[in-house]
Amino acid sequence: MMDIKKNDEYTVLIEDIGSDGAGIGKIGTFPLFIKDTVIGDKVRTKVIKLKKNYGYGRLMEVLAPSPHRVPPRCEVARQCGGCTFQHLSYEKQLEYKQNKVKNCLERIGGLKGIAEKMEPIIGMENPYHYRNKAQFPVGRNKEGKIITGFYAGRTHSIIENDHCCIQAKENDAILKILKSYMEQYNIAPYDESSHTGLVRHFLTRVGYDTGQIMVCLVLNGSPSKLPKKEALIQELTQIKGMTSIVANENKEKTNKILGIRTTTLWGKDYIEDKIGDVKYQIGPLSFYQVNPIQTRVLYGKALEFAALTGTETVWDLYCGIGTISLFLAKKARQVYGVEIIPEAIDDARRNAQINGIQNVEFFVGKAEEVLPAKYEESGGAMHADVIVVDPPRKGCEESLLKTIVDMQPKKVVYVSCDPATLARDLKYLTGCGYEVRRVQPVDMFGFSFHVETVVGLQRKDI
Ligand code: SAH
């Protein structure tokens with residue numbers, strides 16, 4: 001093998017993209033992962049890290065661009081830890097995601113011939129400004145001016161950005177007001193190293209359907225430390241749609257953005273959004289899908305794959321604030337939702353109530369514990385015709401998959417944000433009497449390497 005050393009430079013052709021979006025080029029047969037490159041690029045790269053069988057390179061220069069390379073719309077795309085694919089055409093991003101799902105299902109899931117059952121990924125018509133939630137760290141630049149933006153990859157240095165092209169446009173005006181308020185009243189941003197300063201993050205949420213806006217100031221201390229709150233409120237309430245201005249207290253030395261205590265400074269302590277004809281109340285701490293346009297597509301597919309007729313008992317596992325549960329409730333006889341975070345279940349119950357939906361019941365706990373317990377307790381009465389799962393990236397516990405198989409629902413609808421764990425779990429289910437009928441990737445996160453997938457499974461013996 002060639003003697004490859006750190007800091008050496010090489011010219012390579014990018015032949016593939018890895019699972020986290022970095023381009024892959026080879027020095028001889030030795031693969032290098034190189035961020036910000038595109039399949040087809042010829043690049044000069046510097047080796048920055050070496051492992052036994054692969055390494056990492058920094059992009060030094062694009063010598064000959066790939067035909068799929070596009071100019072990034074964002075000026076700080078390379079430094080910012082947010083987007084991965086600003087330099088890749090949207091069409092090719094979608095192709096990458098479709099392949100990622102297919103490869104995982106084939107290689108990890110052992111699902112041969114799955115490509116025929118896969119629908120083409122549903123992308124966005126306009127993949128910009130899609131996010132309804134933003135969390136901006138607050139700090140100072142070298143000149144001491146207050147800045148907001150996003151963290152650089154893997155560090156907490158703030159890359160200044162007031163016009164993020166995937167965030168809601170409303171944020172630009174909000175950030176301007178918040179920053180000038182801090183400058184005017186000499187309010188210090190939080191400094192991680194000394195654990196001093198007051199303002200840690202600005203969080204915003206925008207209801208897509210309602211236009212309602214929430215602004216949350218995350219503080220290292222009590223909101224009583226904010227001077228001249230009236231002046232800030234006066235400015236912020238000029239923005240159309242402003243509904244809720246809150247402060248969240250987080251005095252911990254932690255990477256977690258939000259603390260537990262929230263105080264309302266003005267207006268309501270939540271905003272509302274609607275999906276279909278179901279209304280949801282969303283607080284600063286609630287989990288809510290960040291791409292409202294594609295959420296409608298995703299839930300629509302979940303509903304389609306569940307193919308409810310009105311007689312079914314449905315379990316919605318990992319239900320969050322009950323978004324999918326309530327969406328399905330109108331078409332089912334009874335829905336049971338399970339979620340580990342108690343506050344989310346409070347939201348779920350309130351959301352059921354404000355919509356007058358009575359055929360849902362929510363339980364707090366781990367899906368893998370609640371489902372078998374309730375099934376057994378009820379002597380099988382709380383059975384399932386359809387089970388929907390929407391787990392976090394790590395996927396489902398095997399014990400949960402076992403209970404699902406024991407309960408023998410006719411259908412399982414798996415909503416996944418990680419194709420690798422999806423594939424692992426599908427391998428289990430297809431090994432235990434279920435068949436994959438439909439696979440629908442949906443692009444919820446344009447310019448990132450993440451992809452969402454809905455899978456419809458059915459028991460083989462029906
Ligand atoms: N279906 C919801 C939320 C999906 S996100 C929606 O579309 O809005 C995944 C959820 O699973 C999170 O709310 C998380 O708190 C919850 N969760 C994580 N581990 C869990 C477990 N073991 N049992 C139940 N819920 C869990």
Side-chain angles (χ1 to χ4, degrees), residues 131-133 205 207-209 256-258 260 270-276 278-303 305-306 314-329 332 335-352 355 357 360-375 384 386-404 412-418 421-422 424-425 440 442 444-445 450-455:
R131 285 185 62 102
N132 58 12
K133 173 185 164 186
R205 296 189 107 135
Y208 174 76
D209 195 276
K256 266 183 76 177
I257 292 175
L258 290 161
I260 4 180
Y270 58 83
I271 58 165
E272 286 179 338
D273 195 19
K274 271 173 90 183
I275 301 180
V278 185
K279 210 190 301 172
Y280 300 90
Q281 288 183 356
I282 309 148
L285 300 170
S286 309
F287 174 90
Y288 189 64
Q289 290 284 358
V290 295
N291 183 330
I293 298 177
Q294 296 299 82
T295 298
R296 284 151 179 78
V297 173
L298 185 75
Y299 292 175
K301 282 291 164 186
L303 186 63
F305 291 3
V314 181
W315 282 81
D316 176 21
L317 307 178
Y318 312 88
C319 69
I321 62 166
T323 354
I324 298 180
S325 317
L326 299 179
F327 198 70
L328 298 180
V335 178
Y336 299 113
V338 185
E339 159 64 44
I340 200 167
I341 298 179
E343 291 80 9
I345 290 293
D346 292 342
D347 284 349
R349 290 183 179 138
R350 200 180 52 225
N351 285 331
N355 287 286
I357 297 175
V360 290
E361 198 176 337
F362 292 103
F363 305 107
V364 179
K366 291 184 177 170
E368 60 273 21
E369 288 171 6
V370 173
L371 186 66
K374 291 286 169 196
Y375 183 52
V386 178
I387 295 182
V388 179
V389 296
D390 182 7
R393 281 183 202 149
K394 69 176 187 208
C396 299
E397 294 287 326
E398 196 170 308
S399 61
L400 177 72
L401 298 174
K402 186 176 176 303
T403 307
I404 292 178
V412 176
V413 178
Y414 197 132
V415 182
S416 158
C417 55
D418 185 329
T421 56
L422 167 70
R424 178 200 67 202
D425 293 349
Q440 176 67 69
V442 178
M444 304 279 283
F445 315 104
H450 294 292
V451 54
E452 196 88 9
T453 313
V454 198
V455 176

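All heavy atoms count here, side chains included; hydrogens, waters and symmetry mates do not. We count ligands from 1, going down the list as the structure has it; atoms in each ligand are counted the same way.
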Exercise. What residues form a side-chain contact (heavy atoms from CB on, under 4.5 Å) with Asn132, not counting sequence neighbours?
Worked result: Tyr288, Val290, Pro292

Exercise. Mind checking whether Gln289 and Thr323 have side chains closer than 4.5 Å, heavy atoms only?
Worked result: no

For this session: Would you indicate whether Phe363, at its atom CZ, is surrounded by more than 12 heavy atoms from other residues, nucleotides or ligands within a distance under 6.0 Å?
Result: yes

Problem set entry | Which atom of Pro284 lies closest to which atom of Leu258, heavy atoms considered | O-CD1, 3.5 Å

Exercise. Do Arg393 and Thr421 come within less than 4.5 Å of each other through their side chains, counting heavy atoms only?
Worked result: no

For this session: Would you indicate whether the side-chain heavy atoms of Gln294 and Phe445 approach each other to under 4.5 Å?
Result: no

Seminar exercise, completed: Heavy-atom contacts under 4.0 Å to ligand 1, chain-then-number order, include exactly Phe287, Gln289, Tyr299, Tyr318, Cys319, Gly320, Thr323, Ile324, Glu339, Ile340, Ile341, Gly365, Lys366, Ala367, Glu368, Asp390, Pro392

